[in-house]
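So the structure is just underneath, and the comments pick up after that.
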Amino acid sequence: MSSNKTLTAGEITELTNGLTRLARNLWWTWHQESQEIFQELSPRGWQNLYHNAMAVLHEVSDYELRVRLQDPEFASRVRGVLGSFDAYMKEQLTWGRQNAPELLDTPVAYFSAEFGFHETLPIAAGGLGVLAGDHAKSASDLGLGFVGISLFYREGYFQQTINQDNWQTEYYTLLNPKNLPMELVVNGKGDPVRCSVRMAMSQVVFQAWRVNVGRCPIYLLDTNLPENEPHYRDLTLRVYGGDSTTRIMQEILLGVGGVRLLRELGCRPSVFHMNEGHAAFLTLEITREKMAEGKSFAQAFEETRQHCLFTTHTPVEAGHDRFSSDLINYVAQKFKTQLRLNHEEFMALGRVRPSDQHEPFCMTVLALKCSRAANGVSELHGAVSREMWACLYPGKTVDQVPICHITNGIHLLGWMKGPVRRFWRRKLSAISETEQAPPPGGDSTMFWRQKPVPNWDSELNSPEFWKRMLDPNFVSDEELWALRYKLRRELIEFSRRRLLLQGQRLSQRDFIAFDQLLSPDALTIGFGRRFATYKRAPLIFEQLESIIQIVKDKQRPVQFIFAGKAHPRDDEGKKFIQKIVHLSKYSDLLGHLVFIENYDIHVARQMVAGCDVWLNNPRRPLEASGTSGMKAGCHGCLNLSILDGWWREGYDGTNGFAIGGDSHPKSVQEQDRLDGQNLFEVLTEEVVPCFYNRDAGGLPRPWLQKVRRAMATLVPQFNTWRMVQEYASRFYLPR
Ligand SMILES: *Cc1c(COP(=O)(O)O)cnc(C)c1O
């Protein structure tokens, strides 16, 4: 080690350039040591700038950075991190190279209207986008040939505050590309690449931003250019912003524009994967290209189909975009001419009954008609989708409808909170120490985090590692409980800080009391997700008197942390928020129920890590998969959920709690009543007694056994490494 040698100016420049390179690749968002470097550069900046590495680098002057790098310990850690980054980027022995080498030259092009990568780039509205982000991160980890396409919404998704009337209000902040890990896409001469798409009577020009997600580029299209009319410039203003005209134009931009950009960049995708129907117009652009080569529509459409894949994400009606005949006529004029289709023929592509002139154009229908394979996102959702779309396949029974399922997952390393990563890393380095001789000349006084754990990420995604959770010699109940306590404490303190900042909900008198909100010892139940009404956020408060009783139980207290956004136009969802916020302020639940504003990836991570129980009570079978519960597993938080989506596959009787059975009640009212009742029963008869069943040493042994079971059975299954491998082998590779 050259720890006490002064660095030369050249060496320092290499490190400062390296840090900029690192900040420009989202890889750092799933690499703990990188985050620690940026955090250490400016701890307060890190917090105030919301964990934004680029912004922190701008905050610290060049001079300071160079001086700081003269600290040999810091410089050596920076060098270590850059070494890991370069090794990651250059890795040759990837799963993708070994199992899907053909995709390296002709990659998967993955189209998604939203991507959720990190809290500093809020261009996702919810689970769909977070899933897309996790898909991309795992595609990178696995070394798959993969590019993503989406839009650069410069105001992103809305930020939420709750006003005096407990009503959600929305505001938007402008994203600054300079402070984000994105670069304008330029051509060989250094000029921005420009493409255009036809919308109604106009030619709309767009540029693109490249976001580096490890080894995978994601391109975000952007129409905010002076040559466009103002309303076209605002096509890429907000996630799902505006009316249905904006919506269809955003979708034309995404689908058609996305294909044009890839062509312009010389990218030759072998498959086009549509994450939801929003991108389905891509099929028509590819068909148009083939027709320009002289093929008939029928032939071109059929050939296009062989390259397209479609994942449907929801059985909820509103989740399937439908556009009126008039709107299609207005917006897609030119397209129809190019495809040599008349209006009714064009409309038929998006209709279940092609000749029904009253039927609107449905993006899901187009996507299903023009893909060689389609899937739902859990076993139950696959079945529900086959039933839902059987109408498109006359002559086939429901079982024969060609929609399969690939269950969703999460990108483990990206979701795991710091202390948990450190915990597992310590465990893993303990294994590799006992199983391998120390490296020659290894310095035993080195920080544990500098000790490389060989293949730490693939270890962490291996079932064998998680199976070891069942072994008390590997992890003791004592240390597991200590970890759980630490995570709960962090969440409680995070919540108190947030509630203090939310401010207006506390009167001056309460102000000093915010540190008494919530108890670090109480059974903590979390609920965080979009406030779509089918998710029934306030269900548990239907039996308010009984809930107040269990919350106030001195021996066995229970508390609730809620968070989530309602869609700006969803007043019913906003009423749910209003009800819960009201209860948190004006009922006997005060201090035991809190609502954290502005749910996002950061809030989600705090909650799934710190809660003891993750509650999910959607109206079955409308939760196609759900992924937030998967994020709970690796932190030792247990699911308490309706047997819908992924949980119907994940729950095995020993690894969490189930609400309701595997059947469908007759009416929605009946379903809500039964589920509410059952939720309360499971909570009071199973969850609370198990959590407070402590032995002489104060440990909740049966609870911890469930935590172990959850880790061993759920984590290796419900992650995007498994999911992307499944997409690759069943969908992406030529058959
Ligand atoms: C994981 C996640 C979701 C998805 O949650 P579900 O419970 O599956 O609906 C939504 N929003 C954010 C910010 C998330 O991190």
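Along the sequence shown, the residues carry numbers beginning at 1. Order of appearance sets the numbers: ligands from 1, and atoms from 1 within every ligand. When reading the values below, keep in mind they use all heavy atoms of this one structure, side chains included, and skip hydrogens, waters and symmetry mates.
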### Query
In ligand 1, which numbered atoms sit nearer than 4.0 Å to a non-hydrogen atom of Arg529?
7 (O), 9 (O)
### Task
Find all atoms of ligand 1 within a distance of less than 4.0 Å from any non-hydrogen atom belonging to Gly127, and give their numbers and elements.
3 (C), 4 (C), 10 (C)
#### Entry: Element-labelled atoms of ligand 1 that are located less than 4.0 Å from some non-hydrogen atom of Gly626
8 (O)
### Ligand-side contact atoms (ligand 1) for residue partner Tyr599, heavy atom cut-off under 4.0 Å
11 (N), 12 (C), 13 (C)
### Query
Short N/O distance, under 3.5 Å, between Ser628 and ligand 1?
yes
### Query
So Phe560 and Phe541, would you call those rings parallel, tilted or perpendicular, with 30° and 60° as cut-offs?
perpendicular
### Query
Which atoms of ligand 1 have any heavy atom of Lys631 under 4.0 Å away?
1 (C), 2 (C), 3 (C), 14 (C), 15 (O)
### Task
Compute the shortest N/O to N/O distance between Lys535 and ligand 1 and return yes if it is under 3.5 Å, no if not.
yes
### Task
Any chance you could measure Ile577, atom CD1, to Phe562, atom CZ, to the nearest 0.5 Å?
11.5 Å
### Query
Going by atom types only, do Gln35 and His51 share a side-chain donor-acceptor pair under 3.5 Å?
no
### Query
In terms of side-chain heavy atoms, does Gln250 have a donor or acceptor partner in Tyr240 at a distance below 3.5 Å?
no
#### Entry: Where ligand 1 meets Val130 - atom numbers and elements under 4.0 angstrom, heavy-atom basis
12 (C), 14 (C), 15 (O)
### Query
Do the rings of Trp466 and Trp424 sit parallel, tilted or perpendicular, given the 30° and 60° boundaries?
perpendicular
### Query
If we ignore angles and hydrogens, is there a donor and acceptor under 3.5 Å between the side chains of His118 and Asn52?
no
### Query
Any chance the side chains of Asp141 and His411 put a donor and an acceptor closer than 3.5 Å?
yes
### Task
Select one of side chain, backbone, both or neither to describe which atoms of Ala604 lie under 4.0 Å from any atom of ligand 1, heavy atoms only.
side chain
### Task
Heavy-atom contacts with Ile601 under 4.0 Å: which atoms of ligand 1 show up? List them by number with element.
13 (C)
### Message
Any heavy atom of Trp614 closer to ligand 1 than 4.0 angstrom?
### Response
no
### Identity and separation of the nearest protein heavy atom to atom 8 (O) of ligand 1
Thr627 N, 2.6 Å
### Query
Taking 4.0 angstrom as the limit, do Arg620 and Asp662 come out as a salt bridge?
yes
### Task
Mark the output for Arg605 as yes if a heavy-atom distance to ligand 1 is under 4.0 Å, and as no if none is.
no
### Query
Any side-chain donor-acceptor pair under 3.5 Å between Asn375 and Tyr727?
yes
### Query
Are side-chain N/O atoms of Ser34 and Trp27 paired as donor and acceptor at under 3.5 Å?
no
### Ligand-side contact atoms (ligand 1) for residue partner Trp415, heavy atom cut-off under 4.0 Å
15 (O)
### Message
At under 4.0 Å between heavy atoms, is it the side chain or the backbone of Asp600 that contacts ligand 1, or both, or neither?
### Response
backbone
### Message
Can you tell me if Arg530 contacts ligand 1 (heavy atom of the residue under 4.0 Å from the ligand)?
### Response
no
